[in-house]
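Each remark here refers to the structure printed beneath this line.
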Amino acid sequence: MAPPTMREGAIPVLILMVALGSILLVSASNWLSVYLAIELPTLSLFILVAQKRGSGYSVEAGLKYFVLGALSSGLFLFGCAFLCGLTGGTSIPCIDLVLNQEGAQIFPTSGVITPIGGILITGALLFKLSAAPFHMWAPDVYDGAPTTTTALLAIVPKVGIFSILVSIGPVANVLLIGVIFSMVVGALGALNQTKIKRLLAYSGIAHMGFVLWGIEIGTFESVQASLIYIILYVIMSICAFTIVLALGGLKNLIVEFSGLSRREPTLAITLALTFLSIAGIPPLIGFFSKWWILLSGITYQYYLVSILAVVCSVVAGVYYVRIVKIIYFQADSFFLVGLKTLREKKRLNFRRSLLIGASLYPIGFMIISPNLLLQVAHWATVGLF
């Protein structure tokens, strides 16, 4: 008898709850609404990650995400208690004023309480972004969860968390520490990975380092650069995960992409362009996003971090180019031939084809005319400030 699984009708409802929570998080104006908007998609993702109850990997991923997610929620509430007790209100603008002025002229004791509350809240939000050193859950959860849930987890919650981090601003160089750790851990951690979802997890950690860097600088131009980066990261992630879903690998191994250029030449070139764009190879749009962040860092004299970012990008380019090499130049092994005989032939349906095409277009052609993206990012950044 097949193991019990979640009812099919419940999955779309949970996905809609994740989307609703992210929308509410962007428009939240006080800490109570922020906490509720964070926990709504988090609780839904707990269920979605562990939906395959017959799979040990899925249950393990759900348990890890639940335990560490509860820890981050506790840190967030503890930080909110510090800040709300200090300011006497739950409004984010009120707390922002105290954080920016350091409370020296208004609250005599805020020099101690304010950084502690800000650090706790920032650490909890870095966990939600899977940024180092709060990344320990991401590779295992990404690998154990179903691929659709992994894509949802890697894309949707991060946009809302980005808006809250911009509202808080940098606190006691916590974001700078997250930037450095995320770049290094993301670049080095993916070098020895054999599974595509674990590799994408470490790739996301590295990209969050670039996003946090713009928030750490704290100027209008740097935040706009971070917003452009996260928009393009979402587009590239949608394309990558959709292709992985379309290929339907049995083990999600990277070597399963070998011979893809002969079996599915269109998907092969699409996947190759996507990973080269994620690596930041010109003239693809991923290069544009990294160049914009680096320009902000050099302009505001973050020279050492800029050098580290370039070195980590070069190291990360190694495993992206390795995937392209496997797609085009590696022959199938005996093990892979056995796996492919067990796998059913899947046809790419219209919805996935449309999604891949819609996400591939900006990857390849937006750098030719990025005016629309820049204008949208400018309007959105004005709203954040």
Side-chain angles (χ1 to χ4, degrees), residues 12-49 65-66 68-81 83-84 89-96 99 117-131 134 137-138 141 149-171 174-175 178 204 207-208 211-212 214-215 223-224 226-235 237-238 376-377 379-385:
V13 175
L14 293 172
I15 293 174
L16 288 174
M17 290 176 65
V18 174
L20 176 62
S22 299
I23 293 172
L24 294 175
L25 186 57
V26 173
S27 59
S29 59
N30 61 75
W31 289 119
L32 180 60
S33 59
V34 168
Y35 176 73
L36 294 176
I38 288 176
E39 291 306 308
L40 179 62
T42 300
L43 293 174
S44 302
L45 288 169
F46 287 157
I47 303 171
L48 290 171
V49 168
Y65 190 50
F66 174 76
L68 296 175
L71 176 62
S72 70
S73 298
L75 292 176
F76 186 88
L77 286 176
F78 198 33
C80 288
L83 294 180
C84 295
T90 61
S91 174
I92 294 179
C94 177
I95 296 173
D96 253 347
L99 284 172
I119 288 170
L120 291 174
I121 290 177
T122 304
L125 295 177
L126 291 182
F127 171 88
K128 303 296 183 183
L129 283 177
S130 68
F134 304 96
W137 61 274
V141 173
T149 303
T150 302
L152 194 70
L153 185 62
I155 295 169
V156 177
K158 295 182 178 179
V159 179
I161 300 297
F162 170 82
S163 65
I164 299 302
L165 281 174
V166 172
S167 300
I168 298 173
V171 180
V174 175
L175 289 183
H207 287 300
M208 287 305 105
V211 172
L212 293 174
I215 303 175
V223 172
Q224 182 179 353
S226 288
L227 183 59
I228 292 172
Y229 197 103
I230 201 167
I231 290 172
L232 297 177
Y233 166 76
V234 166
I235 292 172
S237 297
I238 289 172
V376 170
W379 290 336
T381 308
V382 169
L384 290 175
F385 278 87

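Interatomic distance, CG of L25 versus CG of L20, reported as 11.0 Å (0.5 Å rounding). Atom CG of residue L165 and atom CG of residue L125 lie 5.0 Å apart, to the nearest 0.5 angstrom. Rounding to the nearest 0.5 Å gives a distance of 7.0 Å between CG of L24 and CG of L40.
Looking at residues two or more places apart in sequence or on another chain, you find a side-chain contact (heavy atoms from CB on, under 4.5 Å) between V376 and L372. Every side-chain contact (heavy atoms from CB on, under 4.5 Å) that F162 has, sequence neighbours left out, goes to V166, V211, I215, V223, S226, L227, I230, L384. Not counting sequence neighbours, the partners of S73 by the side-chain hydrogen bond (donor to acceptor under 3.5 Å, both in side chains) test are E39. Residues meeting the side-chain contact (heavy atoms from CB on, under 4.5 Å) test with F46, sequence neighbours left out: T42, L43, Y65, F66. Scored by the side-chain hydrogen bond (donor to acceptor under 3.5 Å, both in side chains) test, T149 finds Q51 as partners (sequence neighbours excluded). In this structure, the side-chain contact (heavy atoms from CB on, under 4.5 Å) partners of V159, at least two apart in sequence or on a different chain, are V234. Checked against side-chain hydrogen bond (donor to acceptor under 3.5 Å, both in side chains), S33 has the following partners two or more places apart in sequence or in another chain: N30.
Contact check for V18 versus L153: no side-chain heavy atoms found under the 4.5 Å cut-off. Taking 4.5 Å as the limit, every side-chain heavy atom of S72 sits out of range of all side-chain heavy atoms of F134. At a threshold of 4.5 Å between non-hydrogen side-chain atoms, the residues I164 and I38 do not count as touching. Side-chain contact between V382 and W379: absent, with no pair of heavy atoms (C-beta onward) separated by less than 4.5 Å. Between P157 and L45 the shortest side-chain heavy-atom distance falls below 4.5 Å.
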Applying side-chain contact (heavy atoms from CB on, under 4.5 Å) to C80 and Y35, what does each step give before you reach the verdict?
CA-CA 9 Å; C80 288; Y35 176 73; 5.8 Å; no
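A donor-acceptor pair under 3.5 Å is formed between the side chain of W137 and the backbone N or O of F127. Proximity of a side-chain donor or acceptor of T122 to a complementary backbone N or O of I119 within less than 3.5 Å is not detected.
Closest approach of G204 and Y233 over heavy atoms only: CA-OH, 3.6 Å. Residues S22 and V156 come closest through the heavy atom pair OG-CG1, 3.2 Å. In this structure, L212 and A131 approach most closely via the heavy-atom pair CD1-CB, 3.7 Å. For the pair A377 and T381, the tightest heavy-atom approach, listed with the atom from each and the gap, is O-OG1, 2.6 Å. In terms of heavy atoms, A124 sits closest to L75 at CB-CB, 4.3 Å. The two atoms that bring K128 and G69 nearest to each other are NZ-O, 4.1 Å, heavy atoms only.
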